[in-house]
> 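Quick one: this structure, given as C-alpha cells, is what I'll be asking you about.
Here is the naming used below: chain letters follow the sequence lines, and residue numbers restart at 1 for every chain.
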2 protein chains.
Amino acid sequence: MRSRRPTTFQIAVDLVILTVRDARLAVLLIERGNDPYRGQLALPGGFLRDGEDLPDAAERELREETGLHGLSPHLEQVGSYATPGRDPRGAIASVAYLAILPDLPVPVAGTDAAAAGWYAIDTRPLAFDHDRILRDAVERARTRLENTPLAAAFCREPFTIGDLRAVYEAVWGVPLDPRNFHRKVTGLSGFVTSTGETRHPPTGRPANLYRRGPAATLYPPLQRPNAASPPTV
Amino acid sequence: MRSRRPTTFQIAVDLVILTVRDARLAVLLIERGNDPYRGQLALPGGFLRDGEDLPDAAERELREETGLHGLSPHLEQVGSYATPGRDPRGAIASVAYLAILPDLPVPVAGTDAAAAGWYAIDTRPLAFDHDRILRDAVERARTRLENTPLAAAFCREPFTIGDLRAVYEAVWGVPLDPRNFHRKVTGLSGFVTSTGETRHPPTGRPANLYRRGPAATLYPPLQRPNAASPPTV
DNA sequence: ACAAAAGTGTTAGACGTACACCCATGC
DNA sequence: GCATGGGTGTACGTCTAACACTTTTGT
C-alpha cells in the first residue's frame with residue numbers, strides 16, 4: 001500500500017532492423033537530427049502513443065522508417081531497457097524490437113532523422129545505450145536462425161537454397177557446405193515449399209525456387225558450428 | 001518533431017517465480033488484497049522505483065516476496081506488456097521476469113498480497129493479463145533447459161543427477177531414461193562438477209553429489225523430445 | 001534375499017560431415 | 001570446352017535410444 005506515487009516513464013519503441021547486403025549482416029541506423037546525441041548514429045524508434053499496443057507501435061515505426069507498406073516482415077520483441085540515466089531527457093524506458101527484412105531499396109529518412117542508411121552491425125558508438133540493444137538483438141537473431149525459419153524472412157520471395165545459405169553464412173559469419181545445407185533445408189518439413197520455377201544465375205545450372213513454408217520452428221534445429229566451445233577434443 | 005507530449009506510464013515489474021514441488025512445476029502466486037482484481041490470483045510484482053534499474057527491481061521484489069536474502073537465483077527478463085486496458089488503473093506497462101528457485105520453505109506474503117503460495121502452472125484465471133505472461137515465461141523456461149544449465153538452478157546444492165533429471169521431467173512433462181540422462185549430463189563439460197560426497201536415498205545405492213558447473217550454455221544442447229512436431233513419419 | 005535407485009556396457013540405427021561426383025547453364 | 005553454381009550419392013565417424021546388466025545400499 002504505497003502512498004508515494006511511483007515514477008512515470010515515457011516508453012520508446014526502438015527498432016533493430018536487420019538485412020543482408022553484400023553477404024554481410026547490416027542494420028538500419030539513423031543520424032540523429034535533434035539533441036540529445038545530435039549527429040550521432042542511433043537505432044530508429046519513437047514513442048509509444050496513447051492507446052497503442054507495443055507490437056502496433058513497432059510496426060508503425062517500421063513503416064515510417066522504411067516506407068514499406070502491405071508487407072508483414074518478421075517483428076519480435078527483444079527486451080526492455082530502463083537503466084537510470086540512459087536517456088538525458090529523463091525517465092524514458094525503451095522496448096527493443098527486432099525486425100528482419102529482405103534487402104530492399106533505400107529506406108526513407110524519418111522525422112527525427114537527418115539521414116538513414118544501412119551500416120555494418122559492429123558500427124560503434126551509437127547514441128544512448130543502443131550499442132547494447134543492438135548487440136542483444138543480433139545475438140537473438142543468431143539463435144533464432146537455429147530454431148526457426150527466420151532466415152527466410154531475409155529473402156525476397158521466391159528465393160533459392162543458395163540465397164538462404166548466404167543468409168546463414170552472413171548472420172553466423174561462418175561458411176557452410178552447400179551440398180549438406182541443401183539437403184538439410186529441403187529435408188526439414190515445412191521450412192521451404194517449392195514453386196515449380198527456376199532462376200538462372202549469371203552462370204551455372206538454374207536453381208529451383210522456393211517460398212517460406214508453414215513451419216514455425218525447425219526440428220531438429222540447425223546447429224550453429226562452434227556455438228559454445230570449439231571441439232577442443 | 002512531435003509537440004504533443006507522449007503518454008506516460010507507470011512500470012510494473014512482475015515475477016514468474018518457478019520451482020519444482022512434488023515432481024511438478026509450480027509457480028508462486030499471490031491473492032490480491034486490493035482492487036482491482038481483489039481476491040484473485042496474480043503474479044507477484046510491484047512498481048519500478050525512482051532511480052532503480054529493471055534487474056534491481058526484479059531482485060528486490062523477489063526478496064520481498066520470498067523472504068530470501070543472500071541468495072542469487074536465476075533471474076531473466078521475459079518480455080514487456082503494454083496492451084491498452086490491461087490494467088484498469090490506467091497506463092501501466094509490465095516487465096516480466098522469470099525467476100528459478102529450488103523448492104524452499106513457504107514464501108512470505110508481500111504488502112499487496114493477502115496470501116502467497118505455490119500453484120500448478122496451469123492455474124487459471126489470473127488477474128490482469130497474467131495468464132499470458134505466465135504462459136510465455138514457462139515456455140521460456142522450457143527452452144532454456146535445452147541450451148543452458150538452468151535446470152541446476154531448480155536444485156538445492158549439492159544435488160544428484162537424479163534430482164536434475166526430476167527437474168527436466170517436471171518442466172518438460174516427459175519421462176527421460178535415467179541411464180542415458182546420467183551419461184549425457186556428466187559428459188557435458190561444465191554442466192555439473194562433482195563434490196566427492198554421496199547422498200543415501202531411502203533405499204538404493206548412494207548417489208554422487210554435484211554442484212553447478214561453470215558453463216553458461218550447453219553444447220551440444222539437450223534436445224527436448226517431440227519439441228516441434230511429433231515424429232509423424 | 002529382495003527391492004530400489006545409481007551407474008556402466010553394448011548395440012543398432014539415425015544423423016552429421018566431408019567430399020566425389022553428376023547436372024545444366026553461359027560464354 | 002570450361003567455369004560456375006546447383007544438386008545427388010556415399011562413406012565414415014559420432015551421437016542417440018533402448019535396454020541388459022552390475023553396483024550398493026536399506027529392510
Side-chain angles (χ1 to χ4, degrees), chain A residues 23 145-147 155 158-170 172 174-189 191-210 218-233, chain B residues 23 146-147 155 158-169 172 174-189 191-210 218-233:
Chain A
L145 253 55
E146 300 188 55
N147 303 291
C155 298
F159 51 86
T160 70
I161 303 298
D163 294 340
L164 203 56
R165 178 168 49 83
V167 169
Y168 275 91
E169 293 181 330
W172 284 350
V174 296
L176 298 174
D177 185 297
R179 289 85 50 112
N180 293 333
F181 182 85
H182 183 279
R183 223 186 329 243
K184 221 173 206 169
V185 166
T186 53
L188 282 172
S189 87
F191 193 174
V192 295
T193 60
S194 173
T195 79
E197 320 267 302
T198 60
R199 173 191 299 163
H200 289 235
T203 170
R205 170 176 171 177
N208 291 333
L209 289 172
Y210 296 86
L218 301 184
Y219 189 82
L222 276 77
Q223 209 100 297
R224 164 162 48 149
N226 288 351
S229 56
T232 40
V233 187
Chain B
E146 300 187 54
N147 303 290
C155 296
F159 51 86
T160 70
I161 303 297
D163 294 341
L164 202 56
R165 179 168 48 84
V167 169
Y168 276 90
E169 294 181 331
W172 284 352
V174 296
L176 298 175
D177 184 298
R179 288 86 49 108
N180 294 332
F181 182 84
H182 184 280
R183 222 187 330 244
K184 220 173 206 171
V185 167
T186 54
L188 281 173
S189 88
F191 193 174
V192 296
T193 62
S194 173
T195 79
E197 322 265 301
T198 59
R199 174 190 297 164
H200 290 235
T203 170
R205 170 176 174 176
N208 291 332
L209 289 172
Y210 297 85
L218 301 183
Y219 189 82
L222 276 76
Q223 209 100 294
R224 162 161 48 149
N226 289 352
S229 55
T232 39
V233 186

> Any side-chain heavy atom of A:F191 within less than 4.5 Å of one from A:L164?
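Yes, close enough: below the 4.5 Å cut-off.
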> Can you tell me the distance, in whole Å, between the CG atom of A:N208 and the P atom of C:dT25?
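Rounded to whole Å, this separation is 11 Å.
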> Rounding to a whole Å, what distance do you find between A:N180:CG and C:dC21:P?
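Value for this atom pair: 17 Å.
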> Nearest nucleotide by nearest heavy atom, which residue falls closer to the 5' end of DNA chain D, B:D177 or A:P206?
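Its nearest nucleotide lies further toward 5', so the answer is A:P206.
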> Can you find a pair of side-chain heavy atoms, one from B:D163 and one from B:Y210, that are under 4.5 Å apart?
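The answer is no; the side chains never approach within 4.5 Å.
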> Within this structure, what is the CZ-to-P distance between A:R183 and C:dA14, rounded to whole angstrom?
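My rounded result for the distance is 16 Å.
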> Would you mind reading off the distance between A:I161 atom CD1 and D:dT8 atom C1', rounded to a whole angstrom?
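In whole Å, D:dT8 C1' and A:I161 CD1 are 14 Å from each other.
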> Between atom OH in B:Y219 and atom P in D:dC15, what is the gap in whole Å?
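These atoms are roughly 10 Å apart.
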> The side chain of A:T203 is closest to which nucleotide in this list: D:dA3, D:dG7, C:dA24?
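The answer is D:dA3.
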> Looking at D:dG6, I'd like to know if its phosphate oxygens (OP1 or OP2) sit under 4.0 Å from a side-chain N or O belonging to A:R165.
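Affirmative; the distance criterion is met.
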> Taking the side chain of B:T160 as heavy atoms from C-beta outward, which of D:dG7, C:dA6, D:dG26 is closest to it?
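Closest nucleotide to the B:T160 side chain: C:dA6.
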> Is the side chain of A:R199 donor-acceptor paired with the backbone N or O of A:P158 at a distance under 3.5 Å, no angle test?
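Here the side-chain-to-backbone pair exists.
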> Given side chains that start at C-beta, do those of B:L222 and B:L188 come closer than 4.5 Å, heavy atoms only?
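Yes. Closest side-chain heavy atoms under 4.5 Å.
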> Name the nucleic acid region contacted by A:P220, choosing base, sugar-phosphate or nothing; use a 4.0 angstrom heavy-atom cut-off, strictly under.
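Counting heavy atoms under 4.0 Å across all strands, no contact is made by A:P220.
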> When you compare the side chain of B:T160 with that of B:N208, does any pair of heavy atoms fall below 4.5 Å?
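SC-SC contact between B:N208 and B:T160 ruled out.
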> What does B:P178 touch in the nucleic acid at a heavy-atom separation under 4.0 angstrom: a base, only the sugar-phosphate, or nothing?
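Nothing: the residue B:P178, judged by heavy atoms under 4.0 Å, touches no strand.
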> From CZ of B:R205 over to P of C:dA6, roughly how many Å is that when rounded to an integer?
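So the CZ-P distance, B:R205 to C:dA6, works out to 10 Å.
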> Taking only the side-chain nitrogens and oxygens of B:H182, find out if one of them lies under 4.0 Å from OP1 or OP2 of C:dG7.
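Yes, because at least one side-chain N or O of B:H182 sits under 4.0 Å from OP1 or OP2 of C:dG7.
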> So, is B:K184 close to the D:dA17 phosphate, meaning a side-chain N or O under 4.0 Å from OP1 or OP2?
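Yes, B:K184 has a side-chain N/O under 4.0 Å of OP1/OP2 on D:dA17.
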> Specify the separation, in whole Å, of atom CG of B:L176 and atom P of D:dT16.
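Atom CG in B:L176 sits about 13 Å away from atom P in D:dT16.
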> Expressed as a whole number of angstroms, how long is the span from B:R179:CZ to C:dA4:C1'?
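Between C1' of C:dA4 and CZ of B:R179: 14 Å.
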